[in-house]
Amino acid sequence: NTSGGLNGKRINYIVRDDQAQPAVAVKEASELIERDHVEYLIGGVGDVVTKAVLASTAFKRSGLILYAPLASISQEDGANVLFWRPNYDKEIQLLLNHFFSIGLKEAGILFQESPENREAYADLMKQMLARGFKLTGTAKIGLNGENIVAETARLKSTKPGFVFVVADTIGTALFLK
């Protein structure tokens, strides 16, 4: 802003918390579009909230592009969205290639229960088995991180070479903590 902003326009950075909830994401994005008249919209965290915002009436009417750095869904026909993260299959392939190249073939998985995560977990398992990786153990946590301490200790006892995390950002943060 001290140098004139972006293309001569000062930047007003507005942040809203969608709480990883689709309904909250739609409400917050709609307010940013309709009340604050934003010119750019940077998406929330995850595919579920991204899909909800893309499907919302306010977003569809806006003509804006949703910049979605933390989502990996495929672009829908006619959706104004820019992803810069690969889809899950590609992401899993890249990660497995890396671990294979450094000789790590025994993995654990932290799995947070949700419909979206079930599909990602199934895809991960399929690719791991196809590539000859061994699953040492799986830690299962609830949507709010229930059982994280006990499940993490149980997973640790299986001595994985690395751990895949199939969870939202809160579940991931609780695991890393």
_K140 backbone acceptor or donor facing E151 side chain under 3.5 Å_ = yes

*Say you draw a straight line from CZ of R10 to OG1 of T2; how long is it, rounded to the nearest 0.5 Å?*
8.5 Å

*side chain to side chain contact (heavy atoms under 4.5 Å, CB included) between L96 and M128, intermediate numbers included*: CA-CA 8 Å; L96 289 175; M128 282 179 61; 4.0 Å; yes

*Please report the shortest heavy-atom distance between V26 and S56, naming the atom on each side.*
CG1-CB, 3.7 Å

*Roughly how far, to the nearest 0.5 Å, is OG1 of T152 from CG of L176?*
9.5 Å

_Full working for side chain to side chain contact (heavy atoms under 4.5 Å, CB included) between Y121 and F164_ = CA-CA 10 Å; Y121 177 82; F164 275 107; over 6 Å; no

*asked:* Please evaluate residues L64 and Y40 with respect to the criterion side chain to side chain contact (heavy atoms under 4.5 Å, CB included), reporting the C-alpha separation (whole Å), side-chain torsions for both, the decisive distance (0.1 Å), and the verdict.
replied: CA-CA 7 Å; L64 293 173; Y40 300 95; over 6 Å; no

*May I ask whether F133 and I102 are part of the same hydrophobic cluster, defined by side-chain heavy atoms of I, L, V, M, F, W, Y residues being less than 4.5 angstrom apart, directly or through others?*
yes

*Find the distance between CG (L66) and CG (L41) and round it off to the nearest 0.5 Å.*
5.0 Å

*Does the side chain to side chain contact (heavy atoms under 4.5 Å, CB included) test come out yes or no for K105 and F99, once each step is laid out?*
CA-CA 7 Å; K105 295 185 182 179; F99 290 119; over 6 Å; no

*asked:* Would you say that more than 12 heavy atoms from the other residues, nucleotides or ligands in this model lie under 6.0 Å from the CD of E119, or not?
replied: no

_How close do N117 and A167 get, counting heavy atoms only, and between which atoms?_
ND2-CA, 3.8 Å

*asked:* Check for me, please, whether F162 and V165 land in the same ILVMFWY cluster - side-chain distances under 4.5 Å, paths through other members count.
replied: no

*Does some side-chain heavy atom of E39 sit less than 4.5 Å from a side-chain heavy atom of L6?*
no

*I42 and V24: same hydrophobic cluster, using ILVMFWY side-chain contacts below 4.5 Å?*
no

_E34/R61 ion pair, N-O < 4.0 Å_ = yes

*asked:* Tell me the closest heavy-atom pair linking T136 and P160, and the distance in Å.
replied: OG1-CB, 3.3 Å

*Which atoms form the tightest heavy-atom contact between A139 and R154, and what is the distance?*
CA-NH2, 3.8 Å

_Could you measure the distance from the NZ atom of K156 to the OG1 atom of T158? Nearest 0.5 Å is fine._
11.5 Å

_Connected via hydrophobic side-chain network under 4.5 Å: L104 and L129_ = no

*Give, for atom CZ of F111 and atom CG of L155, the distance between the pair rounded to the nearest 0.5 Å.*
14.0 Å

*Look up atom CZ in R131 and atom CG in N97, then write down how far apart they are to the nearest 0.5 Å.*
4.5 Å

*Return the minimal non-hydrogen interatomic distance between S62 and I33, and the atom names on each side.*
CB-CG2, 3.7 Å

_Tell me if a side-chain donor or acceptor on E146 pairs with a main-chain N or O of I141 at a distance below 3.5 Å._
no

_According to a hydrophobic-cluster definition based on side-chain heavy atoms being under 4.5 Å apart (Ile, Leu, Val, Met, Phe, Trp, Tyr only), do V163 and V166 belong together?_
no

*How far apart are the closest heavy atoms of I148 and G171, and which atoms are they?*
CD1-O, 4.4 Å

